Colleague: 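So that we are looking at the same thing, I have put the structure below in structure tokens.
Order of listing sets the numbers, starting from 1, for every ligand and every atom in it. Computed from a predicted structure; not experimentally measured.
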Amino acid sequence: MRVIQLLVLATISVLSPAYAGTHPVLNDNAETSPIGRLFEILVDDSANLRPSEAMVSTGYQKALLDVPNLLPTQSAYWLRCSITNETQDPSTYISIPYADIDELDIYLADGDDITQIAHSGRSIPKSERLGNPVAFEYKLPIPAGGSMRVLMRIRGFKTMHIPAMVAGEGVFPQARAERNLLLGLFAGMMLVLAMYNLFIYFSIRDRAYLLYVLYIIAISLAQLSYLGIGPFDIIGDNAYLNARSSLLFSLLAIVLGMEFQRRFINTKRYARGIQRWYPAVYALIFANMVIYLGIDPWLGFNIGNAICGLTALIVLATAIISFKNGSRQAGFFLLAWSVFLTGVVIFVLKDAGVLHYTLITAHAMPIGSAIEGVLLSFGLADRINILRQEKERSQVDALTAATENARIIRDQNVILETKVTERTQELQRSLNDLKEAQSQLVEAEKMSSLGQLTAGIAHEINNPINFIRSNIAPLKRDLLDMLKLLKAYRAQGASAEVAALEQRIGVEDTVREIQDILHSMEDGANRTAEIVRGLRTFSRLDENDLKPSDLNDGLKSTLSILGPQLRDRVKLSLELGDLALVECFPGQINQVMMNLLNNARQAAIKRHGETGGHIKVVTRQEEDQVVIMISDNGIGMTEEVRARIFEPFFTTKDVGEGTGLGLSIAHSIIERHQGHIDVQSLPNQGTEFRITLPNTQHMPQQKRA
Ligand code: ADP
């Protein structure tokens, strides 16, 4: 805004005609308007002329403006004019209501007599001041009807406007009262806006409100500083900071204003390109603050002015772009910002002499700031609606998202359940496999012990029984020889004593009895040999390899092991067909037969007791496979039992009577032989197991005998 000020002033200065004014005259009709044009101005480059030297210097130039505009240089300015008091009142006052003058000295010359009547300015500590800088007015003791020369020395590192006015007693206090009222209004209004929006910030926690409050505070402090009420005045007597406060607070207000704009308009969305440069502007401002405060205030002030102008344009451009892109908030901002800029322009035009110096034009900037603050506050109030709409939209979004999440979770649950079911089934299968493996181990161990036992017994009995069998024939032959001999003796005639003995013994009967005994011995020995052979076939411990076997033989041997248990209580009928050899593990197939026959026997006895039970075993060759059927007329099975009989450890029998392993083992053995085992059963009628086994195995990995 400072740049705009300067630009406007420069233009006006060039355009204004050279004005050869007279000196101000105070009479009863005098108006209080700036008398700048009546001054002569001297630029004191060395800045160390003394008042007496300055008073007589010839380098003065006529001022061109009502409110002279002194650019920031290291030089000092001297302003000179004569004032005539045509009133009857000896109290004349000069007022310069511009606070941002760094050094101001006023001298009054009466002939060669020069008196200093003011020594003040922002850079002068309060303790050293002469006159009353806060009231901006200094008494000039010009006697009624007299005329005196006034000399002012002005110096500073800022652009300084000199709205000098001359009036009699009582005029300036009136203006001051009006100005104070305006200031009070301004400060009060800004305070209310800040408090109101601070309250809203605490309610809804939207940072835009907090930034607005900070911006309002900073801009108020900047404006008050321009008007001579610097916070460093209030806090203490820090002339150094005090002299710099107006630009410092302006720069701070710019940063906060830009941040507020970003948040308020949502520039990220509406003016993405331009707002990316904001941090660079902040960095520039920070760097300039360092220069202004610590290095070179003249340079800092000029850069500061440039920054003010540049940022005013950037902020304006951002607002316009955002507005064009559809930001409703940008509309409010644009309006508020335009009002503020208008205030700046009015202020500048007033200093340039285009507009009259009035209370309003003199305070156009604070008024513009206040209206800007109010308009922005309206915008913030409107923002609540937008926030509410956004909140509602986000609630709807959240609800949609939650519903979607719920659906996904439901779907995932279904998938999970399916997976759990699959895994459970897999686990169940593994468990069954394990159980089966366990049962096979148990049974294999059992069968192996049984096999070893039977093999041992068979081996032990085999030799003695062979002795017996092989000795029976020679014994028979020897006995026949003895009988032949006996007959020969009898043919030669025996003595009476021998005949009586023969009579008493009953030789004929004895011979018959001996033959019977021999016959039954032979029979018993043969049967024992048969059992031993059966035992050996059954155990087949030596046969762990796949080898072609006669299944009828295997069956017979198994039956012979079960023999007495079966034959004594159950009727057994065999229909053994002609079978081709079956490639198998004979020991395992025998085990299957044994399990099936045992179950059939138990079921038949359970239903019929000691008599009436019947087991039928049928074998036959069907093409390239052998069929074995074992049926009984036992208790049969219900459908539920039938469905589970191949499960390991499934039994309907009492403890000690069954383990529930027999059929599961049978099933796995038959499967291993690439065969099938089926069952048909009806409760209280009977059961039939049907096994088919291929004659040849297709198991390359198996060891063949
Ligand atoms: P176990 O005989 O030790 O119980 P199995 O696996 O051999 O075990 O038999 C499982 C079940 O099948 C038996 O408990 C029985 O209920 C049924 N079962 C097997 N064979 C017959 C059959 N011939 N008649 C009736 N039920 C039978």
Colleague: Out of Leu581, Asn590, Ile628, Thr619, which one pairs with Leu551 under the side chain to side chain contact (heavy atoms under 4.5 Å, CB included) rule?
Modeller: Ile628
Colleague: So, 4.0 Å and heavy atoms of Gly634: is ligand 1 close enough to count as a contact?
Modeller: no
Colleague: Within ligand 1, which atoms have a heavy atom of Ala603 less than 4.0 Å away?
Modeller: 22 (C), 24 (N), 25 (C)
Colleague: Quick one: do Arg393 and Glu390 make a salt bridge, cutoff under 4.0 Å?
Modeller: no
Colleague: Between Lys419 and Glu417 (salt bridge meaning N to carboxylate O under 4.0 Å), is one present in this structure?
Modeller: no
Colleague: Quick one: nearest non-hydrogen protein atom to atom 23 (N) of ligand 1, plus distance?
Modeller: Asp632 OD2, 3.0 Å
Colleague: Which option wins on minimum heavy-atom distance to atom 27 (C) of ligand 1: Arg607, Lys653, Met637, Lys606?
Modeller: Met637
Colleague: Drop me the distance from Leu380's CG to Tyr196's OH, to the nearest 0.5 angstrom.
Modeller: 8.5 Å
Colleague: Looking only at protein heavy atoms, which one is nearest to atom 12 (O) of ligand 1, and what is the separation?
Modeller: Ile645 CG2, 3.2 Å
Colleague: Would Glu583 and Lys547 pass as an ion pair if we require N to O under 4.0 Å?
Modeller: no
Colleague: Hey, is Asp632 close enough to Arg601 for a salt bridge, meaning N to O under 4.0 Å?
Modeller: no
Colleague: Report the nearest protein non-hydrogen atom to atom 25 (C) of ligand 1: residue, atom name, distance rounded to 0.1 Å.
Modeller: Gly636 O, 3.6 Å
Colleague: Starting from atom 15 (C) of ligand 1, which protein heavy atom do you reach first, and at what distance in Å?
Modeller: Thr652 OG1, 3.5 Å
Colleague: To which protein heavy atom is atom 8 (O) of ligand 1 closest, and what is the distance rounded to 0.1 Å?
Modeller: Gly660 CA, 3.2 Å
Colleague: Answer yes or no: does an N/O atom from Ser664 fall short of 3.5 Å to an N/O atom of ligand 1?
Modeller: no
Colleague: Under a heavy-atom criterion of less than 4.0 Å, does Asn595 contact ligand 1?
Modeller: no
Colleague: Among protein heavy atoms, which lies nearest atom 5 (P) of ligand 1, and at what distance?
Modeller: Leu663 N, 3.6 Å
Colleague: Quick test: of every protein heavy atom, which one is nearest to atom 20 (N) of ligand 1, and how far off is it to 0.1 Å?
Modeller: Asn599 CB, 3.3 Å
Colleague: Under 6.0 Å from the six-membered ring centre of Tyr201 and within 45° of its axis: does the NZ or CZ of Arg205 meet both?
Modeller: yes
Colleague: Need the ligand 1 atom indices (1-based, order shown) with element for anything under 4.0 Å from a heavy-atom of Phe650.
Modeller: 10 (C)
Colleague: I'd like to know if Asp433 pairs up with Arg429 as an ion pair, taking the criterion as any Lys NZ or Arg NE/NH1/NH2 lying under 4.0 Å from an Asp or Glu carboxylate oxygen.
Modeller: no
Colleague: Where does the angle between the aromatic ring planes of Phe264 and Phe333 fall among parallel (under 30°), tilted (30 to 60°) and perpendicular (over 60°)?
Modeller: tilted
Colleague: Give the residue, atom name and distance (to 0.1 Å) of the protein heavy atom nearest atom 4 (O) of ligand 1.
Modeller: Thr651 OG1, 2.6 Å
